[in-house]
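Here's the structure we're looking at; comments come further down.
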Amino acid sequence: MALQEQLDRFKKQQQRCQTTLSTIAAKSSSTTRAPPPPRSNVPQNAPPIVKVPAPAVKFSNDTDRLQHINTIRKGPVGAQIKRVIDLLFETRQAFLPEQINESCYVDVKGNKAVFDSLRNNPKVNYDGKRFSYKSKHALGDKSQLLVLIRRFTEGIAVIDLKDSYPNVMDDLQALKAAGQIWLLSNFDSQEDIAYPNDPRVPIKVDDDLKQLFRSIELPRDMLDIEKDLQKNGMKPATNTTKRRAAAQIQGITNKPKQKKKNKEISKRTKLTNAHLPELFQNRD
């Protein structure tokens, strides 16, 4: 039976119950009379007894829950997939379709589109019975993380490690603080790259060498930089000659910036700061 039909039937049942309770309350109030209080215990000038009305009958909030479930299941397939993936990512456990339904109200078994999309999702692992989260690198703790980073001698992007396990970012900072890895930012994408710091190769650079390296002045023109790289057997990452030729074909020229002329104050200049005569000593 569809969820909407169950909801409608539940509402009608509530209305019938409310009508029955109201009828019973009306009959009991008309037929039942409270016994008179004993005269010996009640003084003559005592205030009248005020009868407190009975609290209204409150039904459970099951209606709101059913409406919430109905809204989720009628939502887009992508929104339902996200709810399931968030559940798998946060818990890192394997769930049966029935368990997913109980946890986040997504009917994986009864919705073929959701089931197929979830089964083919690159972030989800399906073994034929249960669904679980699938990260890019199967890691479980800091030691496994360090072993993986040491395999990538040219660096590994941190974004590929973020979903390995819940506290992976804290472990990365701990490895960095311990001097076991380096976390450097990529100049192009501004993303952090994790590099292994091999303890077998301790390197200590003298201050004189550091000062010499920092004192070297690079050429101002990229053409000269590329020529120097080629002389030393390195391939430049840029091609300034090709880029400038393409810019000329498209009509883009590097026009020299015109220097602004310093305007001198003349007799025709309208003076607004006449109270500061020292500013206008060079007037013609």
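Within the 4.5 Å cutoff, the side chain of V124 has no heavy atoms near those of the R119 side chain. You'll find the side chain of L175 reaches within 4.5 Å of the side chain of I181, heavy atoms only. At least one side-chain heavy atom of I156 sits less than 4.5 Å from a side-chain heavy atom of L148. Annotation: side chain of Q230 is not in contact with side chain of K235 (no heavy-atom distance under 4.5 Å). Side-chain contact between V84 and C104 is present, with heavy atoms from C-beta onward closer than 4.5 Å. Side-chain contact between R65 and H68 is absent, with no heavy atoms from C-beta onward closer than 4.5 Å. Annotation: side chain of V106 is not in contact with side chain of R73 (no heavy-atom distance under 4.5 Å). The closest side-chain heavy-atom distance from N125 to Y133 is not below 4.5 Å.
Under the 3.5 Å distance criterion, with hydrogens and angles disregarded, a donor-acceptor pair is assigned to the side chains of T240 and E226.
With N197 contributing its side chain and G179 its backbone, the two residues share a donor-acceptor pair below 3.5 Å. Using a distance-only test at 3.5 Å, with no hydrogens or angles considered, a donor-acceptor pair links the side chain of Q80 to the main chain of G75. D127 contributes a side-chain N or O that, together with a main-chain N or O of K129, makes up a donor-acceptor pair within less than 3.5 Å. A distance-only check finds a donor-acceptor pair linking the side chain of S135 to the backbone of H137 [under 3.5 Å]. Side chain of S164 to main chain of L161: a donor-acceptor pair is present (N/O by atom type, distance under 3.5 Å, no hydrogens or angles). Side-chain atoms of N111 do not come within 3.5 Å of backbone N or O of D107 as any donor-acceptor pair.
The two atoms that bring F95 and S103 nearest to each other are CE2-OG, 3.9 Å, heavy atoms only. Of all non-hydrogen atoms in D171 and D141, the two that sit nearest each other are OD2-C, 4.3 Å. Between I81 and N121, the shortest heavy-atom distance links the atoms CG2-ND2, 4.0 Å.
Distance check: E90 CD to I85 CD1 gives 12.0 Å after rounding to the nearest 0.5 Å. Taken from CG in L66 to OH in Y105, the straight-line distance is 9.5 Å, to the nearest 0.5 Å.
Counted within 6.0 Å of NZ on K82, heavy atoms from surrounding residues, nucleotides or ligands total 12 or fewer; the atom is thus considered open.
D170 and K142 are not joined by a salt bridge, as no carboxylate oxygen comes within less than 4.0 angstrom of a charged side-chain nitrogen.
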Let me see the working for F89 and Y165 under ring pair (Phe, Tyr, Trp, His ring centres under 6.0 Å), right down to the final yes or no.
CA-CA 9 Å; F89 175 78; Y165 55 93; over 10 Å; no
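Aromatic pair Y126/F131: centroids less than 6.0 angstrom apart.
Screening K136, K123, K134 for a salt bridge (Lys or Arg N to Asp or Glu O under 4.0 Å) involving D163 leaves a single residue, K123.
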Determine all donor-acceptor pairs shorter than 3.5 Å in which one atom belongs to a side chain in residues 210-221; sequence neighbours excluded.
from: S215; atom 1: OG; to: Q211; atom 2: O; distance (Å): 3.2
from: S215; atom 1: OG; to: L212; atom 2: O; distance (Å): 2.8
from: D221; atom 1: OD1; to: L223; atom 2: N; distance (Å): 3.2
from: D221; atom 1: OD1; to: R244; atom 2: NH2; distance (Å): 2.9

